[in-house]
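As the structure is a prediction and not an experimental result, all values here were calculated from the model.
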Amino acid sequence: MSTHGLPMKVPAPGLPSRVRIHEVGARDGLQNEKETVPTAVKAEFIRRLAEAGLTTIEATSFVHPKWVPQLADAEQLFPLIGDIADVGDVSLPVLVPNERGLDRALALGARSIAVFGSATETFAVRNLNRTVAESLAMFEPVVARAKAGKVHVRGYLSMCFGDPWEGAVPVAQVVKVAKALMDLGCDELSLGDTIGVATPGHVTALLTALNEAAVPTEAIGVHFHDTYGQALSNTLAALRHGVATVDASAGGLGGCPYAKSATGNLATEDLVWMLDGLGIETGVDLDALTATSVWLAEHLGRPSPSRTVRALTPPPSSSPTRSE
């Protein structure tokens, strides 16, 4: 699909040599679909993502089916993809909201989990039906039990840059909750720009404040939505700060069922194009990844919103016109 050696690799100083892409399309992407995707299609999607070179693929969520019906098939899906983790050292993290969710995940052999909190009170109540403090209390035994079982734990923090009900979120407020999540024992922290309002200076300020609060850069990942077209510029700001874990969704799928102003995630293909051009290693085959997103888009019945996917896969009927 890509031709003529593009993008040309022109490294920039002060950036990581390698970035780990935390692929969220199969979970964060598909959970926002109006129609439920068949379990077999989800399994094939994850398999294709692994074959494209992605080594961290968030598989599903063990939230009660009433809240996220699109992922109600977690028990059916996970056994279909278990062998993927044995090939190429692929991690298949899953979301768990509480101890019941943890029980379900561990029963299926999950070795990597994520809990998901909020930096704001309003979203905490709307998303988890609990205050921020109550949410952290709920996560405490989940993280403790997971760590005791040598299970990797990621802490998601939503609304780090803005909240549709509360507006701008003070950096100090985000740092306080982020630090509390890490103090529970999380191995890594993902900063979520849930409604896509962050800008590069804001990203740098938050990362700096987290470092000052003893949250190390190497434990931080970033999760940007492209509502205002800022996801790649915000990612570059994070890379310049030293962040080397970036969340992205194949084909740009996703949003947030509890925040209607949230649009699609940063597209993995758009991220890989930029990183390739910067000479940053990802291990991802962009052509294979693009083909996977095109394949899934056909199942969803609509084209991918990813600019890179669209650029690399022109309409079949298109052909160059000869100038007179």
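For the pair Arg111/Lys150, a side-chain contact is recorded, criterion being any heavy-atom separation below 4.5 Å from C-beta on. The shortest side-chain heavy-atom distance between Val171 and Val175 falls under the 4.5 Å cut-off. Contact of the Arg100 side chain with the Phe62 side chain is not registered, since no non-hydrogen atoms from C-beta on lie closer than 4.5 Å. Residues Val90 and Ile84 are in side-chain contact: their nearest non-hydrogen atoms beyond the backbone lie under 4.5 Å apart. Side-chain contact between Val222 and Leu239 is absent, with no heavy atoms from C-beta onward closer than 4.5 Å. Annotation: side chain of Glu58 is not in contact with side chain of Leu92 (no heavy-atom distance under 4.5 Å). Counting heavy atoms from C-beta outward, Val294 and Ser304 have side chains that stay 4.5 Å or more apart. Thr268 places a side-chain heavy atom less than 4.5 Å from the side chain of Ile21.
Side-chain polar atoms of His241 and Asn211 form a donor-acceptor pair below 3.5 angstrom. A donor and an acceptor atom, one from each side chain of Ser190 and Asp247, are located under 3.5 Å apart. In this model, a donor atom of one side chain and an acceptor atom of the other lie less than 3.5 Å apart for Glu269 and Ser293. For the 3.5 Å distance criterion, the side chains of His225 and Asn265 qualify, holding a donor opposite an acceptor. Side-chain atoms of Glu188 and Thr245 form no donor-acceptor pair, as typed in the model, at a separation below 3.5 Å. Remark: the Thr36 side chain and the Gln70 side chain contain no N/O donor-acceptor pair separated by less than 3.5 Å. Thr56 and Arg20 are linked by a side-chain donor-acceptor pair at a separation below 3.5 angstrom, with hydrogens and angles left out of the test.
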side-chain contact (heavy atoms from CB on, under 4.5 Å) assessment of Phe116 paired with Leu128: CA-CA 9 Å; Phe116 46 100; Leu128 293 167; 3.5 Å; yes
Val246 and His22: CA distance, side-chain angles, deciding distance, side-chain contact (heavy atoms from CB on, under 4.5 Å) verdict: CA-CA 6 Å; Val246 181; His22 189 104; over 6 Å; no
side-chain contact (heavy atoms from CB on, under 4.5 Å) between Lys147 and Val151, worked out: CA-CA 5 Å; Lys147 296 301 294 177; Val151 172; over 6 Å; no
Pair Glu166-Thr122, side chain to side chain donor-acceptor pair (under 3.5 Å): steps then yes or no: CA-CA 7 Å; Glu166 297 185 18; Thr122 306; 2.7 Å; yes
Test side-chain contact (heavy atoms from CB on, under 4.5 Å) applied to Leu266 and Asn234, step by step: CA-CA 10 Å; Leu266 168 61; Asn234 289 332; over 6 Å; no
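We find that Arg145 and Asp103 are joined by a salt bridge, their nearest charged nitrogen and carboxylate oxygen being less than 4.0 Å apart. Salt bridge annotation for Asp73-Lys42: present, with a cationic side-chain nitrogen under 4.0 angstrom from a carboxylate oxygen. Salt-bridge annotation for Glu51 and Arg47: absent, with no side-chain N of the basic residue lying under 4.0 Å from a carboxylate O of the acidic one. By the 4.0 Å N-to-carboxylate-O rule, Arg310 lies too far from Asp270 to be salt-bridged with it.
Residues Val125 and Phe123 do not share a hydrophobic cluster, defined by chaining ILVMFWY side chains whose heavy atoms lie under 4.5 Å apart. One hydrophobic cluster holds both Leu6 and Ile280 under the rule that ILVMFWY side chains link at heavy-atom gaps under 4.5 Å. Grouping the Ile, Leu, Val, Met, Phe, Trp and Tyr side chains by contacts below 4.5 angstrom, directly or via other members, places Leu278 with Phe224.
Across all their heavy atoms, Phe78 and Val94 have their closest contact at CE1-CG1, 3.6 Å. Closest non-hydrogen pair, Gly117 versus Phe139, comes out as CA-CE1, 3.8 Å. What you find for Thr217 and Val243 is that their closest heavy atoms are CG2-N, 3.6 Å. Looking at every heavy atom in both residues, Gly277 comes nearest to Pro7 through N-CG, 3.7 Å. Across all non-hydrogen atoms, the minimal contact from Leu157 to Ser118 is CD1-C, 3.5 Å. Smallest separation of non-hydrogen atoms from Val203 and Ala198: CG2-CB, 4.2 Å.
Other residues, nucleotides and ligands contribute at most 12 non-hydrogen atoms within 6.0 Å of the CZ atom of Arg307.
To the nearest 0.5 Å, the span separating OG on Ser61 from CD1 on Ile113 amounts to 11.5 Å. Here Glu35 contributes atom CD and Leu30 contributes atom CG; the two are 13.0 Å apart, rounded to the nearest 0.5 Å. The CG atom of Leu54 lies 14.0 Å from the CZ atom of Arg48; values are rounded to the nearest 0.5 Å. Put simply, CG on Asp276 and CE on Met8 are 13.5 Å apart, with the number rounded to the nearest 0.5 Å. For the atom pair CG (Asp183) and CD (Glu140), the distance works out to 10.5 Å, reported to the nearest 0.5 Å.
Checked by atom type and distance alone, the side chain of Ser249 never pairs as donor or acceptor with a backbone atom of Val24 at under 3.5 Å. Here the side chain of Asn98 pairs no donor or acceptor atom with the backbone of Leu102 at under 3.5 angstrom. A distance-only check finds no donor-acceptor pair linking the side chain of Arg130 to the backbone of Ser135 [under 3.5 Å]. Side-chain atoms of Glu218 do not come within 3.5 Å of backbone N or O of Ile220 as any donor-acceptor pair. The closest donor-acceptor contact from the side chain of Gln31 to the backbone of Val68 lies at 3.5 Å or more, if one exists at all. Without hydrogens or angle criteria, Glu298 side chain to Leu296 main chain gives no donor-acceptor distance under 3.5 Å. The backbone N or O of Leu77 sits nowhere less than 3.5 Å from a side-chain atom of Thr39 that would complete a donor-acceptor pair.
Ring pair Phe161/His202 is perpendicular by interplanar angle, where above 60° counts as perpendicular and below 30° as parallel.
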